[in-house]
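One structure below.
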Amino acid sequence: MKHWLMKSEPDEFSIDALERVRTEPWSGVRNYQARNFMLKDMKVGDPILFYHSNCAVPGVVGIAEVASAPYPDPTQFDPKSDYHDPASKPDEPRWWLVDVGFQRKFKRTVSLEELKAQAEAFGDFALLRRGNRLSVLPVTPAQFKRILSME
DNA sequence: GCCAACGTTGGC
DNA sequence: GCCAACGTTGGC
């Protein structure tokens with residue numbers, strides 16, 4: 001079982017929004033590395049750290065899980081969608097996603113600032129790499145556990 | 001709102 | 001295949 005971290009801008013889709021809808025198709029990922037994690041490496045039931053980005057206090061705010069096998073992101077074929085990709089063909093979809101299911105919301109935000117303060121204990125962590133912009137990234141079991149212990 | 005970092009595009 | 005231009009991400 002692999003562990004993951006997925007970023008979302010709370011203005012767009014927050015942990016509270018996920019708690020309300022329970023399950024959300026993770027549409028709109030348009031980065032090949034992030035897509036490949038969803039398409040090739042995720043399995044139903046894998047734990048996910050839910051991360052709020054681009055906000056006052058960026059950080060991990062809760063736990064979700066992979067809730068479906070990968071399937072083509074429908075927004076790529078929708079001309080009205082911001083995520084429309086005219087170059088993608090229905091018989092050969094370029095963008096794939098998984099459903100993300102709510103597990104629980106943290107009592108408090110484990111902030112990026114706190115994570116950075118422990119950067120050494122985390123070792124190599126994609127989230128803390130300089131200039132990191134990946135919105136879907138792998139987390140080791142030890143890193144996952146450490147973040148849970150910081151709640 | 002600024003801007004550094006990074007991915008993608010397209011001309012050559 | 002190189003690389004400049006451009007667009008986006010995301011912390012601050």
Side-chain angles (χ1 to χ4, degrees), chain A residues 2-21 24-42 46-66 70-140 142-144 146-151:
Chain A
K2 294 193 165 71
H3 297 66
W4 305 96
L5 182 146
M6 295 172 89
K7 298 178 184 173
S8 185
E9 301 191 15
D11 288 350
E12 299 293 325
F13 189 75
S14 67
I15 186 77
D16 294 318
L18 182 63
E19 182 167 17
R20 281 194 296 273
V21 299
E24 177 75 2
W26 209 252
S27 59
V29 170
R30 294 296 179 266
N31 171 283
Y32 286 104
Q33 214 180 335
R35 179 208 66 176
N36 287 344
F37 287 137
M38 292 196 288
L39 177 61
K40 300 177 177 177
D41 297 325
M42 283 189 177
D46 280 358
I48 301 167
L49 296 167
F50 197 99
Y51 180 93
H52 279 174
S53 67
N54 227 332
C55 55
V57 185
V60 179
V61 293
I63 308 292
E65 67 172 1
V66 177
Y71 60 97
D73 182 343
T75 63
Q76 70 194 305
F77 303 124
D78 178 2
K80 294 190 294 294
S81 169
D82 288 345
Y83 303 119
H84 181 228
D85 183 351
S88 184
K89 303 280 180 291
D91 56 344
E92 200 181 337
R94 179 178 293 183
W95 304 113
W96 295 69
L97 53 69
V98 296
D99 289 346
V100 170
F102 178 79
Q103 288 288 107
R104 70 181 183 88
K105 182 182 175 178
F106 280 0
K107 294 185 284 292
R108 63 179 210 90
T109 299
V110 177
S111 70
L112 177 62
E113 189 180 13
E114 294 168 73
L115 299 180
K116 280 180 169 171
Q118 295 198 24
E120 225 158 285
F122 281 109
D124 187 27
F125 190 3
L127 183 73
L128 300 179
R129 275 180 217 147
R130 197 173 64 105
N132 159 63
R133 287 167 40 187
L134 260 187
S135 63
V136 177
L137 52 98
V139 178
T140 68
Q143 289 163 347
F144 194 94
R146 172 171 291 273
I147 289 172
L148 290 192
S149 78
M150 292 167 71
E151 181 185 355

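Everything quoted here is computed from the prediction, not taken from an experiment. Below, read A as the first sequence line, B as the second, and so on, with proteins coming before strands; counting in each chain starts at 1.
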*Ile15(A), Val60(A), Val61(A) screened by side chain to side chain contact (heavy atoms under 4.5 Å, CB included) with Phe106(A), the one that passes*: Val60(A)
*Contact class for Leu127(A) vs. all strands (heavy atom < 4.0 Å): base, sugar-phosphate, or nothing?*
nothing
_Rounding to an integer number of Å, can you tell me how far Asp82(A) CG sits from dG7(C) C1'?_
15 Å
_Whole-Å distance separating the CG atom of Asp85(A) from the P atom of dT8(B)_ = 12 Å
*Are Lys7(A) and dT9(C) close enough that a side-chain N or O sits under 4.0 Å from OP1 or OP2?*
no
*Want to settle it: does Asn54(A) or Arg130(A) sit nearer the 5' end of DNA chain B, counting the closest nucleotide to each?*
Asn54(A)
*Nucleotide dG7(C), atom P - distance to OH of Tyr83(A) in whole Å*: 18 Å
*asked:* For Tyr83(A), is there any backbone N or O sitting under 3.5 Å from a side-chain donor or acceptor partner on Ser81(A)?
replied: yes
*Classify the angle between the aromatic ring planes of Phe122(A) and Phe125(A) as parallel (below 30°), tilted (30 to 60°) or perpendicular (above 60°).*
tilted
*In whole Å, what is the span from the CG atom of Leu128(A) to the C1' atom of dG11(C)?*
13 Å
*What nucleic acid atoms does Arg30(A) come within less than 4.0 Å of, heavy atoms only: base, sugar-phosphate, or nothing?*
nothing
_Under-3.5 Å donor-acceptor pair between Arg133(A) side chain and dT8(C) base_ = yes
_In this structure, how many angstroms lie between the C1' atom of dG11(C) and the CG atom of Asn132(A), rounded?_
11 Å
*Specify the separation, in whole Å, of atom CG of Leu134(A) and atom P of dG7(B).*
8 Å
*Report the distance from atom OH of Tyr32(A) to atom P of dT8(B), rounded to the nearest whole Å.*
7 Å
*Rounded to whole angstroms, how far apart are CD on Glu9(A) and C1' on dG11(C)?*
12 Å
*How are the rings of Phe13(A) and Trp26(A) set relative to one another: parallel (under 30°), tilted (30 to 60°) or perpendicular (over 60°)?*
perpendicular
_Would Trp96(A) and Tyr71(A) count as a ring-ring contact (aromatic ring centres under 6.0 Å, His included) here? Give the steps._
CA-CA 5 Å; Trp96(A) 295 69; Tyr71(A) 60 97; 8.4 Å; no
_It should be established whether Lys116(A) places a side-chain nitrogen or oxygen under 4.0 Å from OP1 or OP2 of nucleotide dC12(C)._
yes
